[in-house]
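Data first, discussion second: the structure below is written as structure tokens.
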Amino acid sequence: MNEKNVGRIDRRTVLKGAGAAGLVLASGGAFATTTRKRYAVVGVGSRARMFTNAMTGKFRATSEVVAICDKNAGRLARAVKLVTETGASQPRGYAAADFDRMIRETRPQFVIVTTPDATHDDYIVRALEAGCDVITEKPMTTTAEKAQRIIDAVKRTGRQVRVTFNYRYSPPRTQIKELLMSGEIGDVISVDFTWLLNTVHGADYFRRWHANKANSGGLMVHKSTHHFDLVNWWLGAQPETVHAFGSRQFYTPETARRMGLAKPHERCLTCPEKQKCNFYFDLASDPGLKALYLDNEQYDGYYRDGCVWRPSIDIEDTMNVMVRYDNGAHLNYALSAYDAWEGYHIAFNGTKGRIEHRIVESGGAAGAAKVQSGSENVSIRVIPMRGQPRDIEPIIGKGSHGGGDDVMLTEIFGEGPPDKYKRASDERAGAWSALVGIAANKCFETGQTVRVADLVTGLTPPDRAPMPDRRAPVPMPIRIKIP
């Protein structure tokens, strides 16, 4: 397979998805002639906008937001108002305590869960038991016990869970999947994967609710579930054992003092040293964030601009993980949250050669008034065993998350084409990715290797795209003079 074929395959997949959605909107357009699917959205923080914007915009002819639920009365009222103003629907607002009543009264077919990570399992299980299918943000959940609850609820109810791993859908990452599926480098034996978060985006996790592991599972779960899912999906394999090390070394009170600050403080808004701290986060300067968080603090006391140096933070900023897969492949993974640039580089080493892939991202503070991130500096290189390397022209997607969001949303709310890459993910894929991070957290505490199979029961492999047969003959590499 050559790089031109990879480009054509991915570009055709993306265009088919966009075209199918366009046909839905062009054929009729009026709500009265289309039976719209009914959705309830639980949690109206920053991430919920991706879903509500899709349902009130591009997919309004086929999708209807019938209810919105949140624990913060101010954010809830704002979300209901914004959806209503689009003219796409008139959703009813419900407090978090009234979730079950919302299901009974509005009869959604789907519940979209975008609440803090540690609460996902509660809403997922209750929605399944009420007869709804569920679409949930990643990570699916934060502990093995919560993952077990979801696995059991799916089997008990027969309903479906969709975990929105948008990274799978960005064109360059699909190109990598195509290369691996084609057998370009044979059997993948080892993977080296480093993900870097800079001091804008990376620091932001230490300001928010994510900074407490009880809420987020730490970066090993909240952030790395994306990355572990990519590797699981790329390899078409499941993780067996995990060993990991993690610590907090940068976002500490001691670092604040070494940078010339007297001490950490509660939050940026009231910080007496804001003029000295170049990690100062001006929450009031972003209209979207101000409207979403600062203007609604009175309802729940949540501060979006916590001090990144405060001692109450209990998540790690420096993490290294080793994973062994059921097909024999080994993964070395590293994540840090204070780097000079943001993005990742990954290398797959196989029986026929090596693939190197790198993306430098411009990550920001997830501003409510702007696109979260764009991608630049994307590279893909194939290095045959004892052969000449060649660079493959990457396909650059448009929109958030490297173009992945648009393709995924078309598949969820529109009519995407058949997908040979099996990018759609259910509770099985959600569990396998989260459990690597959950196992890593356990390693941090005990120093012992963790078997993933010991964490939950009844978890089966997800649907997989076909990968090369690891029993097939391997070509002898070209002869070279040794020595």
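One-based numbering along the sequence shown.
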Problem - Minimum side-chain heavy-atom gap L409-F59 below 4.5 Å - result: yes
Handout entry: Crowding at CZ, R248 (>12 non-hydrogen neighbours, <6.0 Å)
Key = yes
Problem - Within-4.5 Å side-chain heavy-atom neighbours: R428 and Q238 - result: no
Handout entry: Any D204 side-chain heavy atom under 4.5 Å of R304 side chain
Key = yes
Exercise for the section: Please report the shortest heavy-atom distance between R464 and D326, naming the atom on each side. Expected result: NH2-OD2, 3.4 Å
Problem - Test item: D339 side-chain N/O and L196 main-chain N/O as donor-acceptor pair under 3.5 Å - result: no
Handout entry: Beyond-backbone contact of E240 with R451, side-chain heavy atoms, under 4.5 angstrom
Key = no
Completion exercise
With sequence neighbours left out, the residues meeting ring-ring contact (aromatic ring centres under 6.0 Å, His included) with F110 are Y39
Practice task
Using atom types as modelled and distance alone, determine if a side-chain donor or acceptor of Y302 lies under 3.5 Å from a backbone N or O of W209.
Solution key: yes
Problem - Under 3.5 Å side-chain donor-acceptor pair for S216 and D117 - result: no
Problem - Heavy-atom side-chain contact between I124 and E427 under 4.5 Å - result: no
Problem - side chain to side chain contact (heavy atoms under 4.5 Å, CB included) between E316 and L219, worked out - result: CA-CA 7 Å; E316 297 80 14; L219 290 179; over 6 Å; no
Fill in the blank from the handout: Contacts of A439 meeting side chain to side chain contact (heavy atoms under 4.5 Å, CB included) (sequence neighbours excluded), chain-then-number -> V242, V450, L455
Exercise for the section: Check the pair H120, T115 against side chain to side chain contact (heavy atoms under 4.5 Å, CB included), reporting the backbone distance first and the verdict last. Expected result: CA-CA 6 Å; H120 285 184; T115 58; 3.4 Å; yes
Exercise for the section: Answer whether the closest heavy-atom distance between the side chains of S89 and V66 falls below 4.5 Å. Expected result: no
Completion exercise
Contacts of W234 meeting ring-ring contact (aromatic ring centres under 6.0 Å, His included) (sequence neighbours excluded), chain-then-number -> F348
Exercise for the section: Over 60° means perpendicular and under 30° means parallel, so classify the ring planes of F245 and H243, tilted if in between. Expected result: perpendicular
Practice task
Apply side-chain hydrogen bond (donor to acceptor under 3.5 Å, both in side chains) to the pair S247 and T318, showing each step before the final yes or no.
Solution key: CA-CA 5 Å; S247 59; T318 307; 4.7 Å; no
Completion exercise
Sorted by chain and residue number, the side chain to side chain contact (heavy atoms under 4.5 Å, CB included) partners of A431 (sequence neighbours excluded) come out as M140, I151, L435, L459
Handout entry: R358 and D391 ion-paired at < 4.0 Å
Key = no
Fill in the blank from the handout: Applying ring-ring contact (aromatic ring centres under 6.0 Å, His included) to Y333 and not counting sequence neighbours gives F193, H227, F228
Fill in the blank from the handout: residues 437-446 vs side chain to side chain donor-acceptor pair (under 3.5 Å), sequence neighbours excluded, gives K213-N441
Practice task
Could you tell me which non-hydrogen atom of A214 sits nearest to which non-hydrogen atom of A118, and how far apart they are?
Solution key: O-CB, 3.1 Å
Practice task
May I ask you to decide if E129's main-chain N or O and T157's side chain share a donor-acceptor pair within less than 3.5 Å?
Solution key: no
Exercise for the section: Keeping to residues at least two apart or across chains, list the ring pair (Phe, Tyr, Trp, His ring centres under 6.0 Å) pairs with something in residues 455-475. Expected result: none
Problem - Results of side chain to side chain contact (heavy atoms under 4.5 Å, CB included) for A329 - residues two or more places apart only - result: L235, Y325, N327
Problem - side-chain hydrogen bond (donor to acceptor under 3.5 Å, both in side chains) against R159, all qualifying residues, sequence neighbours excluded - result: D133
Completion exercise
Taken to the nearest 0.5 Å, the spacing of S190 OG from R324 CZ works out to 14.5 Å
Exercise for the section: With rounding to the nearest 0.5 Å, note down the distance linking CD in E361 to CH2 in W341. Expected result: 9.0 Å
Fill in the blank from the handout: When every non-hydrogen atom of H201 is compared with those of L197, the smallest separation belongs to ND1-CD2, 4.0 Å
Exercise for the section: Answer yes or no: is there a donor N or O on one side and an acceptor on the other, between the side chain of R470 and the main chain of D187, under 3.5 Å? Expected result: no
Exercise for the section: Without swapping roles, check the side chain of S433 against the backbone of G430 for a donor-acceptor pair under 3.5 Å. Expected result: yes
Practice task
Report the distance from atom CZ of R149 to atom CG of D122, rounding to the nearest 0.5 Å.
Solution key: 6.0 Å
Practice task
Using a strict cut-off of less than 4.0 Å between a Lys/Arg side-chain nitrogen and an Asp/Glu carboxylate oxygen, indicate whether E411 and R168 qualify as a salt bridge.
Solution key: no
Problem - F51 and F413 aromatic ring geometry - parallel, tilted or perpendicular at 30°/60° bounds - result: perpendicular
Practice task
Would you check if C443 and T449 make a side-chain contact, meaning some heavy-atom pair closer than 4.5 Å?
Solution key: no
Completion exercise
Residues T225 and H222: closest non-hydrogen pair is CG2-O, 3.6 Å
Problem - Residues in side-chain hydrogen bond (donor to acceptor under 3.5 Å, both in side chains) contact with R104, at least two apart in sequence or another chain - result: none
Problem - Sidechain N-carboxylate O distance under 4.0 Å for D152, K155 - result: no
Problem - Heavy-atom donor-acceptor pair, R38 side chain to R107 backbone, under 3.5 Å - result: yes
Exercise for the section: Please determine if E184 and R390 form a salt bridge, counting it only when a charged side-chain N lies under 4.0 Å from a carboxylate O. Expected result: yes
Practice task
Decide yes or no on side chain to side chain contact (heavy atoms under 4.5 Å, CB included) for I103 and R126, but give the supporting numbers first.
Solution key: CA-CA 10 Å; I103 299 293; R126 288 160 70 186; over 6 Å; no
Exercise for the section: Look at D419 together with K177 and state whether they make a salt bridge at an N to O cut-off of under 4.0 Å. Expected result: no
Handout entry: Sidechain-backbone polar pair: Q148 side chain, T457 backbone, donor-acceptor under 3.5 Å
Key = yes
Practice task
Would you please name every residue forming a side chain to side chain contact (heavy atoms under 4.5 Å, CB included) with E105, sequence neighbours left out?
Solution key: R92, Y94, R101
Problem - T194 (side chain) donor-acceptor with A334 (main chain) under 3.5 angstrom - result: no
Fill in the blank from the handout: Nearest heavy-atom contact between T114 and A48 is OG1-CB, 3.4 Å
Practice task
Find out whether L179 and I185 are in side-chain contact, i.e. whether some heavy atom of one side chain is under 4.5 Å from a heavy atom of the other.
Solution key: no
Exercise for the section: Show your working on side chain to side chain contact (heavy atoms under 4.5 Å, CB included) between I150 and V125 and close with a plain yes or no. Expected result: CA-CA 6 Å; I150 296 170; V125 171; 4.3 Å; yes
Handout entry: Heavy-atom pair of closest approach, residues A429 and P462
Key = N-CB, 4.1 Å
Fill in the blank from the handout: Contacts of H357 meeting ring-ring contact (aromatic ring centres under 6.0 Å, His included) (sequence neighbours excluded), chain-then-number -> Y344
Handout entry: Distance (rounded to the nearest 0.5 Å) between C132 SG and Q109 CD
Key = 9.0 Å
Practice task
Show your reasoning for whether ring pair (Phe, Tyr, Trp, His ring centres under 6.0 Å) applies to W432 and F165.
Solution key: CA-CA 13 Å; W432 283 114; F165 286 120; over 10 Å; no
